[in-house]
4 protein chains.
Amino acid sequence: MMKLFRVVKRGYYISYAILDNSTIIRLDEDPIKALMRYSENKEVLGDRVTGIDYQSLLKSFQINDIRITKPIDPPEVWGSGISYEMARERYSEENVAKILGKTIYEKVYDAVRPEIFFKATPNRCVGHGEAIAVRSDSEWTLPEPELAVVLDSNGKILGYTIMDDVSARDLEAENPLYLPQSKIYAGCCAFGPVIVTSDEIKNPYSLDITLKIVRKDRVFFEGSVNTNKMRRKIEEQIQYLIRDNPIPDGTILTTGTAIVPGRDKGLKDEDIVEITISNIGTLITPVKKRRKIT
Amino acid sequence: MMKLFRVVKRGYYISYAILDNSTIIRLDEDPIKALMRYSENKEVLGDRVTGIDYQSLLKSFQINDIRITKPIDPPEVWGSGISYEMARERYSEENVAKILGKTIYEKVYDAVRPEIFFKATPNRCVGHGEAIAVRSDSEWTLPEPELAVVLDSNGKILGYTIMDDVSARDLEAENPLYLPQSKIYAGCCAFGPVIVTSDEIKNPYSLDITLKIVRKDRVFFEGSVNTNKMRRKIEEQIQYLIRDNPIPDGTILTTGTAIVPGRDKGLKDEDIVEITISNIGTLITPVKKRRKIT
Amino acid sequence: MMKLFRVVKRGYYISYAILDNSTIIRLDEDPIKALMRYSENKEVLGDRVTGIDYQSLLKSFQINDIRITKPIDPPEVWGSGISYEMARERYSEENVAKILGKTIYEKVYDAVRPEIFFKATPNRCVGHGEAIAVRSDSEWTLPEPELAVVLDSNGKILGYTIMDDVSARDLEAENPLYLPQSKIYAGCCAFGPVIVTSDEIKNPYSLDITLKIVRKDRVFFEGSVNTNKMRRKIEEQIQYLIRDNPIPDGTILTTGTAIVPGRDKGLKDEDIVEITISNIGTLITPVKKRRKIT
Amino acid sequence: MMKLFRVVKRGYYISYAILDNSTIIRLDEDPIKALMRYSENKEVLGDRVTGIDYQSLLKSFQINDIRITKPIDPPEVWGSGISYEMARERYSEENVAKILGKTIYEKVYDAVRPEIFFKATPNRCVGHGEAIAVRSDSEWTLPEPELAVVLDSNGKILGYTIMDDVSARDLEAENPLYLPQSKIYAGCCAFGPVIVTSDEIKNPYSLDITLKIVRKDRVFFEGSVNTNKMRRKIEEQIQYLIRDNPIPDGTILTTGTAIVPGRDKGLKDEDIVEITISNIGTLITPVKKRRKIT
């Protein structure tokens with residue numbers, strides 16, 4: 001039972017683990033190595049520390065010279081889509097790309113092969129309390145609140161985290177060939193506040209995921225889903241991710257969303273996005289609209 | 001006037017420049033830095049060397065303990081699509097995804113926004129003489145012979161190279177949402193044999209690109225196009241690539257293909273792919289079909 | 001008020017500070033940087049830890065997978081000699097080298113210039129609980145229990161520690177030109193168990209230094225001196241050390257001894273050397289006699 | 001047959017080897033590794049280069065942006081003394097330290113054990129064309145022109161070079177305990193211009209060593225000796241150096257001098273020191289007198 005978080009303090013990254021929801025350990029090693037060691041033999045190297053007010057850090061992001069940040073630097077972040085059971089109509093709207101009469105979403109839904117896409121490099125990701133971005137050329141960007149897994153290079157699950165697979169939905173809707181532009185840009189990805197080890201998640205298919213968008217101190221959108229609605233199982237997604245495609249230790253795969261705020265709920269500058277997943281926590285990020293350079 | 005190539009010798013990477021098609025210089029510095037320095041002030045740091053038989057290396061790939069390899073390790077490789085003028089029917093086949101009656105390819109063709117996609121990380125790329133791969137689960141994989149540009153972090157063109165944007169066309173054809181699986185895997189990308197500086201390419205829109213697939217010592221497919229058929233200009237592609245999306249120095253953007261061998265011309269194990277672009281050279285790579293792990 | 005110590009755990013070095021003799025801090029940074037930061041503004045970066053049983057580590061050296069080791073890796077270690085007031089006869093024995101009738105020790109004693117010598121590189125030093133060595137070709141090796149200072153590159157004192165300037169006295173006695181062979185070899189130098197910051201040492205000239213040599217569980221030699229007998233002041237030694245001789249941050253200067261066990265008290269294999277200095281602690285090291293390679 | 005030299009060019013160190021006094025090779029690897037590889041199997045990794053005007057570099061030190069510098073960064077430099085046959089009176093002057101009537105130099109001369117001392121760290125060494133120093137507090141500093149050997153960690157000789165073991169003779173003469181201050185300071189050591197491999201030196205005991213001190217364009221002192229006068233053989237010196245004293249690969253041992261310019265020949269600011277050893281070359285260094293900081 002271990003939760004990992006990381007702070008930045010005067011230029012130093014410092015990683016911690018919370019054992020059994022009580023003891024805080026300062027890690028002796030890189031958090032990806034710590035996850036691998038724990039996964040191997042339930043062991044963690046580090047010292048018990050006091051005076052780290054984790055709950056306050058979660059709330060205020062920064063205390064004195066300590067600021068919470070993303071718990072690891074994942075060498076690669078990948079995503080999956082169309083992984084949840086959904087009302088068939090969600091995937092069959094009029095203006096969606098169709099192949100011989102069936103939308104591309106429906107086709108993935110019914111196919112053996114899942115949708116897997118490259119999502120981000122570490123410098124494009126932010127952590128708890130750090131700003132996600134709306135592209136300067138997007139009028140309709142949505143958060144995608146998702147359960148994500150941290151993998152080793154064999155595809156073994158080292159831990160779970162909350163991910164916001166922020167997406168410029170208007171680009172994506174205009175043409176599926178714009179999906180990479182919709183998905184990959186600076187600030188396109190938030191995860192954290194912690195990574196929890198696999199033994200904290202007895203059953204990844206019974207977790208509540210809740211999304212709140214707060215605008216001017218009021219809840220502007222709220223939605224939730226349980227991962228028991230995931231029909232494309234995580235192991236299946238991983239098998240396709242690593243097929244002929246070697247990944248480095250610490251790669252993150254985010255497993256798809258089922259909460260879609262809708263066309264009138266696009267993120268705006270200064271919105272706050274809050275994503276909660278049971279047994280993991282709440283990831284809170286402000287929104288920054290990028291300015292057009294003219 | 002500078003061409004860069006790189007060899008590996010007993011575990012050491014060694015980079016060279018050919019000046020004015022005659023003198024060979026051994027670079028003092030990392031080839032990406034060398035490209036930046038040359039771009040800045042037409043200067044190159046290094047020693048004139050003799051005894052490097054560049055022409056023989058191009059032909060036999062390995063001479064004694066020296067093997068030619070990819071000229072740089074690009075931190076990111078991106079691609080562009082639907083950038084060439086083509087017979088409209090190419091983009092409007094029956095079974096292609098359509099949005100309100102128009103194929104997604106036609107839509108990009110007519111749109112302001114180009115298709116830009118994440119193509120590869122350096123470990124997924126190979127160089128001249130090294131094997132490109134056909135996915136174990138693809139029955140129809142095609143080479144895509146393309147002119148590629150090497151960029152600095154501001155999007156400035158540092159040089160040009162030949163790229164093979166190898167693609168599992170059956171996956172892509174099945175569903176545009178499978179594009180990342182079609183495009184990104186181990187051995188999905190070859191480039192080289194050299195990078196030429198911008199002053200070697202007076203006009204990037206007047207270059208002949210030729211593709212040959214050789215099977216069992218016979219030319220199995222041959223096709224060619226001139227870059228004067230490129231209608232989505234390179235600068236335009238770059239502007240979209242770097243919009244809200246910071247890229248590192250040495251990023252490669254490959255600018256799209258116009259030679260499509262067709263459904264019966266899929267690559268097979270032991271094929272040889274040869275791509276020639278005027279003023280750059282010929283990139284030759286064998287093909288390796290990955291085996292299914294069962 | 002800060003004491004620094006360092007442990008090695010499964011290949012990781014981990015550094016701690018004890019603040020005001022009570023709180024244990026795990027340092028965020030390299031201990032030499034921590035000493036410089038503290039020296040600058042009394043600040044230390046790190047977390048309060050619990051469960052580090054410092055007193056037990058001092059006694060048993062190793063607890064589970066944690067072993068105490070030298071508190072820093074000093075890039076250079078220098079020594080000073082003839083720095084204490086002593087009975088004149090100590091420096092004027094019959095068989096000591098003489099210049100125009102005066103022994104070389106007497107001459108230093110009376111001279112403006114102190115004796116300063118190169119003592120060790122970090123790999124030749126050991127820490128608390130680690131073995132010091134007797135050269136294979138020395139029959140008379142003595143510990144030299146000394147107060148040592150840790151310096152920055154300007155010669156500013158960052159902290160104090162206990163040092164054992166182990167010396168092959170028979171080599172040195174045979175000929176002063178053998179001094180480097182007497183002084184510099186693997187295991188010639190021990191220091192620790194901690195480095196204390198300057199504010200822990202109100203007056204470096206009022207400290208008791210005690211040396212015990214334990215052989216087969218019995219005290220074989222015991223001697224002590226107070227640093228008030230030091231007549232060549234530390235600042236003076238430092239001024240000569242850094243004259244025309246730039247030193248790196250973290251250099252250690254050991255300030256000379258006044259306890260000389262005598263000719264029949266040479267160290268033997270399996271002896272234990274204990275050196276205590278008030279306000280710093282006790283440095284304990286076993287003795288290892290090197291075997292002749294024939 | 002290989003000579004190694006190194007230049008610095010716009011912040012890059014670049015190492016070369018001259019094979020058989022004709023071909024110039026730019027090394028693929030660190031010059032210490034290159035020496036070890038050559039010593040192992042007469043092999044060198046690198047490219048033949050043209051346009052390096054080695055002879056002009058030797059003469060003018062700097063050509064355009066290329067400056068010659070010390071051929072390696074030796075992790076440690078050690079010295080030896082009293083290794084040459086000399087008129088007995090040289091070692092028995094009136095005011096030299098004596099033990100029971102015999103000078104310390106005579107004693108070493110007659111003893112089994114050689115004098116071995118720590119001479120320098122790499123930052124205290126300079127190369128061909130770079131300034132050696134006279135301490136601010138020395139009125140009588142002499143060059144000591146010596147044959148030096150480059151060793152691997154087993155004490156095997158990898159190559160030979162010319163070394164100037166610059167020494168503040170007045171400090172040393174005042175008291176042998178001041179030897180380290182006489183020997184170790186910034187600019188105390190010059191070596192180069194090349195390192196030659198062992199096969200360039202058929203017999204290290206038949207080399208002419210010549211020293212010239214040039215003052216205001218006139219030869220102020222000139223002296224020479226042949227290494228056939230060395231009576232403390234190099235192998236013997238090495239055996240004592242490495243006894244109980246592990247040294248890193250690339251350590252230099254300088255083997256002692258027999259040319260002593262005398263009391264009225266001390267180096268002055270702006271003198272030029274030239275040391276020639278047959279089969280190696282000529283090491284030229286200007287002299288810089290350090291100013292007293294008051």
Side-chain angles (χ1 to χ4, degrees), chain C residues 75-76 78-79 81-82 94-108 111 113-121 123-124 133-138 168 171 173-181 183-188 239-248 290-293, chain D residues 75-76 78-79 81-82 94-108 111 113-121 123-124 133-138 168 171 173-181 183-188 239-248 290-293:
Chain C
E76 298 181 357
W78 292 79
I82 323 294
E94 183 65 13
N95 54 355
V96 166
K98 291 197 179 78
I99 298 178
L100 303 179
K102 207 168 169 184
T103 74
I104 57 175
Y105 301 129
E106 283 174 295
K107 275 181 68 83
V108 169
R113 182 184 297 274
E115 178 196 2
I116 300 287
F117 56 89
F118 191 86
K119 173 60 191 171
T121 52
N123 59 315
R124 291 175 172 98
V134 174
R135 288 180 65 109
S136 62
D137 55 8
S138 168
L171 272 63
E174 187 180 341
N175 196 325
L177 297 176
Y178 295 155
L179 206 74
Q181 293 177 73
K183 291 290 191 185
I184 314 175
Y185 59 90
C188 68
Q239 284 321 306
Y240 276 87
L241 168 61
I242 67 176
R243 184 183 284 182
D244 296 335
N245 186 37
I247 54 167
R290 294 198 179 278
R291 283 200 241 159
K292 281 199 174 87
I293 295 158
Chain D
E76 299 180 358
W78 292 79
I82 323 295
E94 184 65 13
N95 54 356
V96 166
K98 290 197 180 79
I99 298 178
L100 303 178
K102 206 168 169 183
T103 74
I104 57 174
Y105 302 129
E106 284 175 293
K107 275 182 67 85
V108 168
R113 182 184 297 273
E115 180 197 2
I116 300 287
F117 55 89
F118 191 87
K119 172 62 191 170
T121 53
N123 59 314
R124 291 174 173 99
V134 173
R135 288 181 63 110
S136 63
D137 55 8
S138 169
L171 271 62
E174 186 180 341
N175 196 323
L177 297 176
Y178 295 154
L179 205 75
Q181 292 176 74
K183 292 288 191 185
I184 313 175
Y185 58 91
C188 67
Q239 283 322 306
Y240 276 88
L241 168 60
I242 66 175
R243 184 184 283 182
D244 297 335
N245 186 38
I247 56 168
R290 295 198 177 279
R291 283 201 241 159
K292 281 199 174 89
I293 296 157

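Every chain is numbered from 1, with letters handed out A, B, ... down the list of sequences.
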Contact leader toward chain D among R113(C), K107(C), R243(C), E174(C), where contacts are heavy-atom pairs under 4.5 Å: R113(C)
Looking at P248(C), A111(C), A186(C), which one has more heavy-atom pairs under 4.5 Å with chain D than the rest? A186(C)
The interface call for P114(D) against chain C, heavy-atom contacts under 4.5 Å, is backbone
So does Y185(D) get a backbone contact from the side chain of D244(C), meaning a donor-acceptor N/O pair under 3.5 Å? no
Apply side chain to side chain donor-acceptor pair (under 3.5 Å) to N245(D) and R135(C), showing your working. CA-CA 9 Å; N245(D) 186 38; R135(C) 288 180 65 109; over 6 Å; no
Donor-acceptor check, side chain of Q181(D) to backbone of Y178(D), threshold 3.5 angstrom: yes or no? no
Any sub-3.5 Å donor-acceptor pair from K183(D)'s side-chain atoms to F118(D)'s backbone N or O? no
R290(C) side-chain N/O to D137(C) backbone N/O, donor-acceptor pair under 3.5 Å: no
Does any backbone or side-chain atom of L179(D) lie under 4.5 Å from a heavy atom of chain C? Answer side chain, backbone, both or neither. side chain
By a 4.5 Å heavy-atom criterion (distance strictly below it), what part of L171(D) contacts chain C: side chain, backbone, both, or neither? side chain
With a 4.5 angstrom heavy-atom cut-off, is it the side chain or the backbone of F117(D) that approaches chain C, or both, or neither? both
